[in-house]
Structure formats: structure tokens, C-alpha cells
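Everything on this sheet refers to the single structure shown next.
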Amino acid sequence: MWPFKPKTKFFLGIDIGTVSIKAVELFRDQGRIKLANYAIYDAQKKYLHTNNEGIQTSSSKILDSEIADIISDLINEAKFNSREAVFSIPVFSTFTTLMELPAMPKEEIDRAINFKAKQYIPIPLGDVVYGWELINENKINISSNSSSKESGGIQVLLMAVPKEIINKYLNIARLVGLNIASIESETVSLIRSILGNDLSPACIVDIGSKNTNIAIIDKGILSINHNTDIAGSEFTKIITKAMGVDWIRAEEIKKDEGVKNYASGLSLDESGYFKGEKEIASILYPIIDIVVFEIEKIIGIYGKKTGRLVSKIILAGGSAHLPGILGYLSKKLNRNVFMGDPLSRMVYPPQLENILKSRASRFAVAIGAAMRNI
């Protein structure tokens, strides 16, 4: 796709989702990030037939060897160059929370976090790998050698992953023959690919097949991470029950119709729904409103706690392409809502523009993972 120089360094990002696996390879040339190649395995057809299987969920998963075989096939078919990869971990496999500490010398923070972490992590600390990041580091100007001290508490973002999950990814990489450069939460990858250096408060809503993740990012730092199981598969399930069709047909209806009546300019009635709307839209509005409620709740919690206004909402994930959902959420939330574009921070072959634009949000996590070491 590109005339590579012999010493070009490639970076591979791998996103193992609930019904698909995405892999992206990037490289840097003359200061610009460029797309070398990408590949996707979609278990959707199998998923549609079974209605309860996926590549991985919080309660069920396929074998590591099966996932490794899929990734190996992707790497071979796409002819990826890199053998070093950054893997992203689904939100349901991680613990993320804000921890508050009293003001203290900076060199004492690590010891305090290690002492208090067990109050925030719901499983024994010996079973997890955890790390932390200061949220309000500008307040930490005190030290044991300083006579002046900054008043107020310290906010810390605490992140933990069960060792079982870490070992799973290490085993998959070993079976594929990859070296793991890093393992990180998919939310961190999304922030990197969608927000970049934008430091204004934002809410990323990642609507996948099995889960919707709602994250508040402020000054480039993840502040709140909230997960709900209202997502694409639930949209499909509602349609199957309401219209008496099978799962495959319900998926087709969802992808073709969605709630696109919103874009037609129809007016809302007293209950907040459209006059003259098609049946499919009226079926989906109530369940999408659950997502609306969750978004409003998380934004409200953050605003009350910090006094910061989150006016920008960015959509990501395959189910974010539901026809009309962008406009519907904008109206219901009364905020700017737009689709995240991970391609805006990279260069790619112009002949791939049309196909990439239609798939960009699905690859946002893998792109962000690949960007980590560039």
C-alpha cells in the first residue's frame, strides 16, 4: 500500500472485542502517522445464529487457542510487518475508579495508594495488577522538604486488571508469536485515537455489540468510566420480540432503519417521540433512552463533583452507526454529539478513503492501541 523504507518501524494494535477482532498496523514517516494495513474478523454471522455467543464477554469466552488462530490468520492475510503489539482490554475486564486522598507529600502517595487500594478493588489485591495516575497533579507541589503546603485533597485514577486476564492475553500473544509491548484498557486506546491532544471536557460513548461504555475525559485524563449492557445486541433483541422476526432479520432492520426518522425533521410530541414515525423507531426509542439516562447521570455526577461542564459527546463503536442515533442523542441530551474520527490523526492511501470512513469507528480502539508507541 505504501512504498516503505527498509528501516520503517511498524506498530501493531489489536482489539479483541465481543463479536469481532480488529488489528491495525501503523508507522511514522516524516513526522506523520500512516496506516500500513488493517484487518478484521467478524463473528457476526455465527453470533446472529446463536444469539448468545461471542468472542469474549464478562461471563463466557472462546478458547485462547481459537483467538490465537484468528489473529494469526489476520496477520498472515494482511501481511503485517510488526511482531510487537499493544493489546486493548475490554472495559468489563478492568476496574477503574477515582480515589481521593488527603494532601500529603508526593513521595508518600504511592504508599498511601497501596494501603487504600483494597477498599476500591472488589477482589483480593494479590489477584490483580494495578496502577494509578494523578488527576489533579497541579495541586501536588508539596514535599517533605517544603514548608508550604497546598490545601485540598488529591484525586487519583486507580486502574486494575485481574491477573487471570493478563495471563490470558500473554498466552494468546505467545501462541501467535507476538511480543506484547503493552496491555491497556480499550478506553485509554479510544482517548488516544479520538481525542488526541484535545484537553476540553468530553464524554466518549462507545456503543458496542454487548456493552456501552461511557467515559468522561478531562484535560486528557480518564476521570469516570461506566459500563452498561444496553448496546447493539439489546437493540436487536427488542426488534425480534416486538416485530416477531428472527435475529438475522432484526439485525437487517436495525441497520437499515434504526431511528433515522430523526434526520427527517419530524417534530416531537409531548412524550418526546416523533409524530408520524415508523414502527421501528418507536420500538427503539425507549431502550436508547436508557443509554441517554446513563449518559446524563454520569455527566451530572462529574459536573457536581468538579464544577466542570461536559458539552461535547463523541460516539464510537459499531452500534454507534445506527441510522439516526447521532441526531436523536443530540436532541435528547441538548449537547453537541458527533462521531469520533480516528482517521483524522493519520495518513492513509486515498483509494481506501470510502471503505475506511465507513469502518473507522470500529477500528478506533485498535488504532489507539497501535498509536501508543509511536
Any idea which heavy atoms bring [X] and [Y] closest together, and the distance?
X    : Y    : answer
G258 : L322 : CA-CD1, 3.7 Å
G208 : S319 : O-OG, 2.8 Å
T240 : A250 : CG2-CB, 3.3 Å
S189 : V365 : CB-O, 3.3 Å
M339 : L315 : SD-O, 3.7 Å
I325 : A320 : CG2-O, 3.3 Å

For [Y], does its backbone N or O pair with a side-chain atom of [X] as donor and acceptor, under 3.5 Å?
X    : Y    : value
K163 : G126 : yes
D64  : N171 : no
R345 : I33  : no
E25  : N37  : no
S88  : A369 : no
S185 : V91  : no

Look at the side-chain heavy atoms of Ile, Leu, Val, Met, Phe, Trp and Tyr, link any pair under 4.5 Å apart, and say whether [X] and [Y] land in one connected group.
X    : Y    : result
I40  : Y38  : yes
L125 : V156 : yes
V188 : M99  : no
V86  : I89  : no
V176 : I166 : yes

- Task: I would like to know whether L98 and L157 meet side chain to side chain contact (heavy atoms under 4.5 Å, CB included); could you show each step before the answer?
- Result: CA-CA 5 Å; L98 277 179; L157 180 67; 4.2 Å; yes
- Message: Please list all pairs meeting salt bridge (charged side-chain N to carboxylate O under 4.0 Å, His left out) that have one or both residues in residues 78-88, counting only residues at least two apart or in different chains.
- Response: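 Residue pairs with at least one partner in residues 78-88: there are none.
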- According to the salt bridge (charged side-chain N to carboxylate O under 4.0 Å, His left out) rule, which pairs have a member within residues 187-207, sequence neighbours left out?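 Non-adjacent pairs meeting salt bridge (charged side-chain N to carboxylate O under 4.0 Å, His left out): E184-R192, D198-K312.
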- Would M243 and I283 count as a side chain to side chain contact (heavy atoms under 4.5 Å, CB included) if you check the C-alpha gap in whole Å, the side-chain angles of each, and the deciding distance to 0.1 Å? CA-CA 9 Å; M243 301 189 73; I283 291 170; 3.5 Å; yes
So, taking the atom named [atom1] in [X] and the one named [atom2] in [Y], what distance separates them when rounded to the nearest 0.5 Å?
X    : Y    : atom1 : atom2 : result
F363 : S20  : CZ    : OG    : 8.0 Å
S361 : L343 : OG    : CG    : 9.5 Å
T94  : M159 : OG1   : CE    : 9.5 Å
L195 : I204 : CG    : CD1   : 4.5 Å
D69  : Y41  : CG    : OH    : 10.5 Å
T228 : I214 : OG1   : CD1   : 7.0 Å

Between [X] and [Y], is any pair of side-chain heavy atoms under 4.5 Å apart?
X    : Y    : answer
N167 : L170 : yes
E294 : T212 : no
L178 : I14  : yes
M346 : M371 : yes
K332 : I288 : no
P162 : I123 : yes
L190 : I217 : no
T96  : L222 : yes

- Query: How are the rings of Y285 and Y328 set to each other: parallel, tilted or perpendicular (split at 30° and 60°)?
  - Reply: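 Taking Y328 first and then Y285, their aromatic rings lie parallel (interplane angle under 30°).
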Return yes when atom [atom1] of [X] has more than 12 non-hydrogen atoms of other residues, nucleotides or ligands closer than 6.0 Å, and no otherwise.
X    : atom1 : answer
N76  : CG    : yes
K297 : NZ    : yes
F293 : CZ    : no

Please enumerate all residues that pass salt bridge (charged side-chain N to carboxylate O under 4.0 Å, His left out) together with [X], with sequence neighbours excluded.
X    : result
R174 : none
K116 : none
E296 : none
E77  : none

Of all residues at least two apart in sequence or in a different chain, which pass the side-chain hydrogen bond (donor to acceptor under 3.5 Å, both in side chains) check with [X]?
X    : value
T187 : N213, N225
N114 : D110, Y130
S182 : R372
D218 : Y302, R308

- Task: Mind running side chain to side chain contact (heavy atoms under 4.5 Å, CB included) on E100 and K305 for me, showing each step along the way?
- Result: CA-CA 12 Å; E100 293 196 358; K305 192 167 187 176; 3.2 Å; yes
- Query: Which residues pass the side chain to side chain contact (heavy atoms under 4.5 Å, CB included) test with D246, sequence neighbours left out?
  - Reply: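 I248, R249.
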- Under the side chain to side chain contact (heavy atoms under 4.5 Å, CB included) test, residues paired with I287 that sit two or more places apart: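 In terms of side chain to side chain contact (heavy atoms under 4.5 Å, CB included), with neighbours along the sequence ignored, I287 is linked to I230, E234, F235, I238, L284, I290.
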- Would you sort out whether I313 and L333 count as a side chain to side chain contact (heavy atoms under 4.5 Å, CB included), showing the intermediate values? CA-CA 9 Å; I313 298 173; L333 293 164; 3.4 Å; yes
